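Notes to accompany the following structure.
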Amino acid sequence: MSTSGQQQFRYTQTPSKVLHLRNLPWDCSDEELVELCKPFGKIVNTKCNVGANRNQAFVEFADLNQAINMVSYYASASEPAQVRGKTVYIQYSNRNEIVNNKSPGDVPGNVLLVTIEGVEAGDVSIDVIHLVFSAFGFVQKIATFEKAAGFQALIQFSDVGTASAAREALDGRSIPKYLLPEHVNHCHLRISYSAHTDLNIKFQSHRSRDYTNPYLPVNPTAMEGLLQPVVGPDGEKKEPESNVLFASLENMQYAVTVDVLHTVFSAFGTVQKIAIFEKNGQTQALIQYPDLTTAAAAKDALEGHCIYDGGYCKLHLSYSRHTDLNVQAYSDKSRDYTVPESSLLAMQQASAVHAPPAVWHNPQSGPAQSSAGYGAASVPGQAPTSHSSSWNPNLLGGGSTFPLAPTRYPGHSYAPPVPGYPTAVNPPGSSQQINHNATGGRPFSVSQPFHPSTMPHAPYHG
DNA sequence: AGCACA
């Protein structure tokens with residue numbers, strides 16, 4: 001029966017690659033330990049603030065000789081080891097490694113391991129994950145998988161700082177409900193660091209993405225949820241995909257304006273055009289994206305969800321058969337975000353004269369909020385170029401709720417990032433007429449048409 | 001100034 005070799009001899013200093021440091025400041029940081037010790041070798045682990053007075057620490061070197069170097073040096077150095085002017089006493093630890101200091105998941109890296117609790121793999125799309133984490137910086141890659149721990153995702157940022165900011169802000173938080181299926185009630189994120197530094201993504205698929213390589217082939221066997229239209233429960237309903245979504249809104253307790261739709265649908269990509277109209281007493285809308293993929297992502301993520309808590313303004317999404325809407329560039333029922341900024345400004349001025357701007361009123365907070373908070377991006381009058389493509393992390397955290405607390409969403413404390421407007425303008429004359437309004441009425445009419453000279457596109461003719 | 005606890 002041999003012992004581990006670690007005897008309890010207090011006064012016999014068996015060399016160890018772990019050093020015991022005493023008389024440190026009570027709030028000594030890992031960084032200070034590293035600064036003190038790194039001249040002697042590579043530090044693989046630390047544990048500070050140990051002991052009743054929190055004034056002790058352990059430092060583990062990669063190699064025993066490095067620890068010996070340090071002890072030997074200070075045994076005969078003219079100046080003792082010091083932290084903030086305090087003499088630090090250094091001995092070999094009576095253990096051979098630091099145990100239980102930090103789990104590997106606490107060692108910072110640029111890749112986060114995210115466990116999404118309370119959901120199944122199908123409940124949270126990779127687009128939603130991307131959306132949530134893009135708030136903190138460019139997300140390079142995402143890989144999702146199911147393990148015993150549940151549904152997990154590896155999120156790769158370009159640097160540790162961004163990753164740690166995301167972890168700090170999101171660990172323990174929830175993904176906003178309206179980005180999740182209805183049956184999901186709680187969806188907490190548990191975030192640790194992965195040991196990975198660069199994920200190996202082979203395909204763009206429903207479970208992995210490489211945003212640094214848009215030309216990466218799409219895995220033809222893993223397309224579900226990415227491009228394929230959802231096949232209905234009857235297995236028959238196959239609608240041809242389109243870059244334009246047709247939305248019908250149920251239970252319209254609150255007003256849903258162009259701005260609200262723009263904010264919601266911009267979560268998945270650039271929204272080019274929006275039109276809202278009534279048909280048979282039901283509110284409907286068309287939302288145009290530049291491409292089919294974005295539309296599919298938005299459709300999958302938002303179908304069946306309510307814009308407001310309580311089952312209000314429930315979205316039902318299908319693909320429109322239109323590919324390019326012809327809408328008034330700026331009215332209370334439609335918006336064309338592809339028109340040049342100068343034209344838009346001119347239009348806003350025109351509308352200020354003829355029609356009130358479609359500022360959304362928070363139905364639970366009385367008078368219109370003057371767009372306080374981040375969600376102000378889509379309020380008319382703001383310069384489109386001021387739109388940010390990501391959340392401002394400075395506005396994150398602090399509260400117990402998910403990032404951002406715009407006043408725009410009753411019952412929610414979250415707004416998706418609003419990508420900037422595209423600067424490109426669609427070629428004129430390429431539009432199709434909208435035929436969803438079978439009555440032949442004027443679905444997008446506003447009280448006063450704009451002057452033709454200010455219109456980049458021909459006005460819609462019912 | 002004197003050895004940590006998942």
Side-chain angles (χ1 to χ4, degrees), chain A residues 1-109 111-117 147-150 152 154 160 163-164 167-168 170-173 188-196:
Chain A
M1 252 230 234
S2 75
T3 69
S4 65
Q6 298 307 309
Q7 303 297 324
Q8 306 300 322
F9 299 141
R10 253 300 132 93
Y11 309 104
T12 302
Q13 295 297 325
T14 306
S16 164
K17 57 184 166 61
V18 180
L19 298 182
H20 178 226
L21 294 79
R22 316 190 300 273
N23 202 35
L24 291 157
W26 69 275
D27 57 347
C28 180
S29 68
D30 287 307
E31 288 69 26
E32 287 173 303
L33 292 177
V34 171
E35 285 305 308
L36 177 67
C37 303
K38 74 179 181 188
F40 302 94
K42 179 177 171 51
I43 294 144
V44 297
N45 212 343
T46 59
K47 183 171 182 62
C48 57
N49 315 127
V50 166
N53 297 324
R54 293 167 51 88
N55 60 355
Q56 301 172 43
F58 300 92
V59 173
E60 179 177 340
F61 284 97
D63 190 80
L64 175 64
N65 287 328
Q66 297 166 349
I68 293 174
N69 282 344
M70 184 165 184
V71 171
S72 304
Y73 173 84
Y74 283 112
S76 58
S78 55
E79 290 286 318
Q82 292 183 338
V83 167
R84 296 186 220 163
K86 289 183 72 177
T87 296
V88 176
Y89 302 90
I90 303 171
Q91 289 178 298
Y92 298 111
S93 171
N94 56 22
R95 299 193 196 179
N96 226 353
E97 56 190 10
I98 293 179
V99 294
N100 207 18
N101 173 31
K102 309 175 196 70
S103 60
D106 289 329
V107 179
V111 178
L112 297 177
L113 172 62
V114 180
T115 303
I116 305 174
E117 297 176 341
K147 283 283 177 62
Q152 294 188 307
L154 289 164
V160 180
S164 63
R167 184 185 129 117
E168 280 303 304
L170 294 179
D171 191 20
R173 301 290 186 83
H188 287 104
L189 302 173
R190 293 294 166 206
I191 306 179
S192 61
Y193 294 104
S194 164
H196 289 95

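For clarity, every value in this text was computed on a predicted model and none was experimentally measured.
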Would you mind reading off the distance between A/Lys86 atom NZ and B/dG2 atom C1', rounded to a whole angstrom?
14 Å
Could you tell me whether a side-chain N or O of A/Lys17 sits under 3.5 Å from a main-chain N or O of A/Glu97, the two making a donor and an acceptor?
no
When A/Arg190, A/Lys147, A/Gln152, A/His188 are each screened for side-chain hydrogen bond (donor to acceptor under 3.5 Å, both in side chains) with A/Thr115, the one that passes is A/Gln152
Atom pair distance, as rounded to whole Å: CG in A/Leu19 and P in B/dA4:
16 Å
Could you identify which residues of residues 60-67 of chain A place a heavy atom less than 4.0 Å from some atom of DNA chain B, listed by residue number, or say none?
none
Using whole Å, what does the distance between atom P of nucleotide B/dA4 and atom CD of A/Glu97 come to?
15 Å
Does A/Gln56 make a side-chain donor-acceptor contact with the base of B/dG2, cut-off 3.5 Å?
no
Main chain of A/Cys28, side chain of A/Asn49: is a donor-acceptor contact present, judged purely on distance under 3.5 Å?
yes
Spacing between A/Lys17 atom NZ and B/dC3 atom C1', to the nearest angstrom
16 Å
Is there side-chain contact between A/Arg84 and A/Asp27, with heavy atoms separated by less than 4.5 Å?
yes
Nearest-Å distance, CG (A/Leu21) to C1' (B/dG2)?
12 Å
Evaluate whether atom NZ of A/Lys86 has more than 12 neighbouring non-hydrogen atoms of other residues, nucleotides or ligands under 6.0 angstrom away.
yes
Has the side chain of A/Asn23 got a donor or acceptor atom that lies under 3.5 Å from a matching backbone atom of A/Thr87?
yes
Length of the CG-P vector between A/Asn23 and B/dC3, whole Å
13 Å
5' precedence on DNA chain B between A/Tyr89 and A/Val50 (nearest-nucleotide basis):
A/Tyr89
In whole Å, I'd like the distance from the CG atom of A/Asn53 to the P atom of B/dA4.
13 Å
Atom OH of A/Tyr92 to atom P of B/dG2: distance rounded to whole Å?
20 Å
